[in-house]
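One is the number of the first residue; the rest follow in order along the sequence. Atoms considered below: every heavy atom in the structure, side chains included; atoms not considered: hydrogens, waters and symmetry mates.
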Amino acid sequence: MFAVELQKVVMAGHDNSNGSTEKSSSGMDDLPTFNPENMQNNMKIILYSRTFMAIIGGVIAGILGLTSLTGFIFYFLVMAMTSVALTAKAKFSIHSYFDSWNRILLDGFFGGLMVFWESVEGSISRFW
């Protein structure tokens, strides 16, 4: 699932080990410069990971017969585990790979819900 590597989005010279920005030689604070191609690549990885986990989670929920409230709870647990896995993939240094925490925690969280429920319905109708 996570075979593709996340790419750092903060340009070289602006990021130090603790994730904060360094001061320039002129004494003024430089704003971090983000690489838009790397940011787009990382967002695609989040989208693909959440979609994949929604499909797998939906099939598992369907086979287990989880519907209604238990199905929703299962979906949210799967998406929470995906967020934790993506955060671990970014080595818990979110601001080196994304511009905010919302990108990794919330983007695509509800987008996979339709895919999840379609997988549940398909699994239930096939196995039950």
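- When all heavy atoms of Ile46 and Phe98 are compared, the pair lying nearest together is CD1-CE2, 3.4 Å.
- The two residues Phe74 and Ala61 make their nearest non-hydrogen contact at CD2-CB, 3.7 Å.
- For the atom pair CG of Leu86 and CE of Met81, the computed distance is 12.0 Å after rounding to the nearest 0.5 Å.
- In this structure, the side chains of Lys91 and Tyr97 come closer than 4.5 Å at one or more pairs of heavy atoms.
- Listed for the Asn42 side chain is no donor-acceptor partner under 3.5 Å among the backbone atoms of Leu6.
- Between Val59 and Ser119, the closest heavy-atom pair is N-CB, 3.7 Å.
- Smallest separation of non-hydrogen atoms from Asn38 and Val9: C-CG1, 3.7 Å.
- No path of Ile, Leu, Val, Met, Phe, Trp and Tyr side chains, each step under 4.5 Å between heavy atoms, connects Leu47 with Phe52, placing them in separate hydrophobic clusters.
- Tracing side-chain contacts under 4.5 Å through hydrophobic residues (I, L, V, M, F, W, Y), one reaches Ile60 starting from Met79; they form part of the same cluster.
- For the pair Arg103 and Asp99, the minimum side-chain heavy-atom distance is below 4.5 Å.
- Smallest separation of non-hydrogen atoms from Gly112 and Tyr75: C-OH, 3.5 Å.
- Under the 3.5 Å distance criterion, the side-chain polar atoms of Ser49 are matched with a main-chain donor or acceptor of Ile45.
- For the pair Arg50 (side chain) and Phe110 (backbone), a donor-acceptor distance under 3.5 Å is absent.
- Using modelled atom types, no side-chain atom of Asn102 and backbone atom of Asp107 make a donor-acceptor pair closer than 3.5 Å.
- Counting heavy atoms from C-beta outward, Phe72 and Phe116 have side chains that stay 4.5 Å or more apart.
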Would you sort out whether Val120 and Leu66 count as a side-chain contact (heavy atoms from CB on, under 4.5 Å), showing the intermediate values?
CA-CA 8 Å; Val120 169; Leu66 301 176; over 6 Å; no
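- Using modelled atom types, no side-chain atom of Thr51 and backbone atom of Tyr48 make a donor-acceptor pair closer than 3.5 Å.
- Atom CD of Gln7 sits about 11.5 Å away from atom CE of Met39, to the nearest 0.5 Å.
- In the hydrophobic cluster analysis, where Ile, Leu, Val, Met, Phe, Trp and Tyr join through side-chain heavy atoms closer than 4.5 angstrom, Ile56 is grouped together with Val78.
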